[in-house]
Number of protein chains: 2
Amino acid sequence: MESQIIVTVDVVLLTLSEGALKTVLLRRDNEPYAGQPALPGGYIHPGEDRDALAAAGRVLRQKTGLVSPYLEQLFTFSGGVRDPRGWSVSVAYYALVHESLLGPGPRHHFELAPVDALPDLPFDHNRIAAQAAQRLRDKSGYSALPCHLLPPAFTLRELQQTYELVLGSSLDKSVFRRRLGELDFLEAVPDAVRQGKHRPAQLYRLKPQARLALFNKTM
Amino acid sequence: MESQIIVTVDVVLLTLSEGALKTVLLRRDNEPYAGQPALPGGYIHPGEDRDALAAAGRVLRQKTGLVSPYLEQLFTFSGGVRDPRGWSVSVAYYALVHESLLGPGPRHHFELAPVDALPDLPFDHNRIAAQAAQRLRDKSGYSALPCHLLPPAFTLRELQQTYELVLGSSLDKSVFRRRLGELDFLEAVPDAVRQGKHRPAQLYRLKPQARLALFNKTM
DNA sequence: GAAATAGTGTCTGTAAGACATTATAGG
DNA sequence: CCTATAATGTCTTACAGACACTATTTC
């Protein structure tokens, strides 16, 4: 029969924690692989979900309690062998949040694992997570994407450190700030500074519409 | 019920013809929208298709007779309103071919329409085609993608003209060739030149493995 | 005022862009 | 030998990268 295809969404929820890129894993409630840690995922509910993006948002909300961070379609994984229940399609998304959104203290329903050293996950979740990390790293090379790994307001130093962690290389402060100035997707938060042990730093936030500013490409 | 979801693939088959980017449209055999021009598409066959990519290749082969040109996943479109039959998921792909692959003379089963002036298409096929064209144009800015719009062997001038058509801007010959030299994804075809009215030009082809060379990005 | 971080300025080498020159074919 | 295209070379300027310097806070 044509339409006995399993249709799900999976979400790779990424954050920076302890200086590394990590992803949220949940212990599965249901078979298959019940009890094992896996990416948050679930069936699309045709009666409830407007589209797959909405389904991903709902799954994330129901399973982790988080509401609509940055959420973007990653890739669609499919085939006859990736799910023991049968031929399946999973529309995968990736989300970026600041660690503080995950709540303080010990995790309740979920755990964080470094994307570069994940345990063996069910289905093709290792592939999905690896591809999400790759996408984030690629896109961070030419866009403002890493901003979404920070809280709503942040200092330029924090932003630079975020880029450095994601890209895995160090950047020159002066060059970095020149770029930001040219692109004009940040605005200073009026009268807001971060206090530290020394000179306070101006806080910045993303400009309202500029959710994904792009840098210059060549050719 | 959860799983009464329609699962299809659609293919945006792009080519350069008469100096413009065009896409292949087919008259639909079946309802809904039977008889109307639309993107090549069809159900996934779980018993037959290894995954959605294979399904896209099969659909393309069965409906246009073309075998495996450049074929890449574009985006997955989904929702309750895009298909009158019900909640649906379409995994969309885009393919690039040289016009000569489409066969000479008047088209038999299909027609070519400019992506920038498409008629009203069924489903959300206008959105899908627009997104495919956008992806090609974006990626052409920093990759070797436009090579796949040419025949297997081509001159540097033809390659430059292809880039110019896709990008919609003119490029400097000297700069263009410097870039190609740095990236090293082309090789000269030995003893092969294109004869014209004047000095013959060396023919080039993609190096075996280098299907998608990337240019430099910043940050 | 010492130390540390924030923020800006200056210099230099490299490479992009614009243009010129040489090379090779046909008429 | 003229013209058209192929292919390569030269020059100038803009900018990336490296580094220095100034500013502002705490202790």
Side-chain angles (χ1 to χ4, degrees), chain A residues 19 140-144 146-147 150-151 153-205 213-219, chain B residues 19 140-144 146-147 150-151 153-205 213-219:
Chain A
S140 296
Y142 59 91
S143 80
C147 293
L150 289 165
F154 46 82
T155 67
L156 298 186
R157 160 174 261 254
E158 290 163 349
L159 182 58
Q160 181 176 343
Q161 288 172 336
T162 299
Y163 269 93
E164 289 175 337
L165 274 173
V166 172
L167 295 176
S169 61
S170 61
L171 302 171
D172 182 88
K173 180 167 66 167
S174 178
V175 174
F176 182 74
R177 291 175 182 220
R178 252 199 317 244
R179 286 253 177 73
L180 297 183
E182 292 161 8
L183 291 167
D184 190 43
F185 64 93
L186 292 181
E187 61 184 7
V189 184
D191 304 321
V193 293
R194 172 136 309 160
Q195 298 290 344
K197 292 180 181 174
H198 298 284
R199 177 176 172 179
Q202 175 66 49
L203 287 174
Y204 291 85
R205 63 185 170 214
L214 294 181
F215 299 137
N216 282 337
K217 301 167 185 177
T218 51
M219 173 125 309
Chain B
S140 296
Y142 59 91
S143 81
C147 294
L150 289 165
F154 46 81
T155 67
L156 298 185
R157 161 173 262 254
E158 290 164 349
L159 182 58
Q160 182 176 345
Q161 288 171 336
T162 299
Y163 269 93
E164 289 175 338
L165 274 172
V166 172
L167 294 175
S169 62
S170 62
L171 303 171
D172 182 88
K173 179 167 67 166
S174 179
V175 175
F176 182 74
R177 292 176 182 219
R178 247 196 323 239
R179 286 255 176 72
L180 298 182
E182 292 160 9
L183 291 167
D184 189 43
F185 65 94
L186 292 181
E187 62 184 6
V189 184
D191 304 321
V193 292
R194 173 137 307 159
Q195 297 291 345
K197 293 179 182 175
H198 298 286
R199 176 176 173 178
Q202 176 65 49
L203 287 174
Y204 291 84
R205 64 183 169 214
L214 295 181
F215 300 139
N216 282 336
K217 301 168 182 175
T218 52
M219 174 126 309

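Note that this is a predicted model, so its numbers are computed, not measured. Here is how names work: the chains are called A, B, and so on, in the same order as the sequence lines, proteins then strands, and each is numbered from 1.
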Rounded to whole Å, the CZ-C1' distance (A:Phe154 to C:dA6) equals 16 Å
Report yes or no: does B:Gln202 contribute a side-chain atom to a donor-acceptor pair with the main-chain N or O of B:Val189 at less than 3.5 Å? yes
With rounding to the nearest 0.5 angstrom, report the NZ to CG distance, A:Lys173 to A:Leu171. 13.0 Å
Working to the nearest 0.5 Å, report the span between OG of A:Ser143 and CZ of A:Phe185. 8.5 Å
Please determine whether side-chain contact (heavy atoms from CB on, under 4.5 Å) holds for the pair A:Phe154 and A:Leu186, giving the CA-CA distance in whole Å, both sets of side-chain angles, and the decisive distance to 0.1 Å. CA-CA 10 Å; A:Phe154 46 82; A:Leu186 292 181; 3.8 Å; yes
Interatomic distance where CZ belongs to A:Arg177 and C1' belongs to C:dT8 [whole Å]: 9 Å
Of the nucleotides C:dA18, C:dT5, D:dT8, which has the atom closest to the B:Asp172 side chain? C:dA18
Atom CD of A:Glu182 and atom C1' of C:dT8 are separated, to the nearest Å, by 15 Å
With hydrogens left out and only the distance checked, is there a donor-acceptor pair under 3.5 Å joining A:Ser174's side chain and the base of C:dG7? no
Starting at atom CD of A:Gln195, determine the distance to atom P of C:dA4, rounded to an integer number of angstrom. 19 Å
Please report, rounded to the nearest Å, how far the P atom of D:dA6 is from the CG atom of B:Leu159. 13 Å
Touch check for A:Gln202, heavy atoms < 4.0 angstrom, all strands: base, sugar-phosphate only, or nothing? sugar-phosphate
Nearest to the side chain of A:Ala201 - C:dA16, C:dG7, C:dT5? C:dG7
Without decimals, in angstroms, what is the distance between B:Leu203 CG and D:dT5 C1'? 15 Å
Would you say the side chain of A:Lys173 and the base of C:dG7 hold a donor-acceptor pair, judged only by whether the two atoms sit under 3.5 Å apart? yes
Heavy-atom distance under 4.5 Å between the side chains of B:Thr155 and B:Leu203, does that happen here? yes
For A:Arg157, report the nucleic acid contact type (base, sugar-phosphate, nothing); a contact means any heavy atom under 4.0 Å. sugar-phosphate
What's the CZ-C1' distance between B:Phe176 and C:dA18, to the nearest Å? 17 Å
Residue B:Arg179, side-chain atoms from C-beta onward, closest of C:dT8, D:dT5, C:dA16: C:dA16
Close side-chain approach of B:Leu159 to B:Tyr204, heavy-atom, < 4.5 Å: no
Atom-pair distance (CG on B:Leu180; P on C:dG17), nearest Å: 13 Å
Produce the list of close N/O pairs, under 3.5 Å, pairing protein atoms with atoms of nucleotides 21-24 of chain C; give distances to one decimal.
unit_1: C:dA23; atom_1: N3; unit_2: B:Arg199; atom_2: NH1; d: 2.8
unit_1: C:dT24; atom_1: O4'; unit_2: B:Arg199; atom_2: NE; d: 3.4

From the list B:Glu164, B:Arg157, B:Gln160, side chain to side chain contact (heavy atoms under 4.5 Å, CB included) with B:Phe176 holds only for B:Gln160
When you compare the protein's N or O atoms with those of nucleotides 11-14 of chain D, which come within less than 3.5 Å of each other, and at what distance?
none

Euclidean distance, B:Arg177 CZ relative to B:Asp172 CG, rounded to 0.5 Å: 10.5 Å
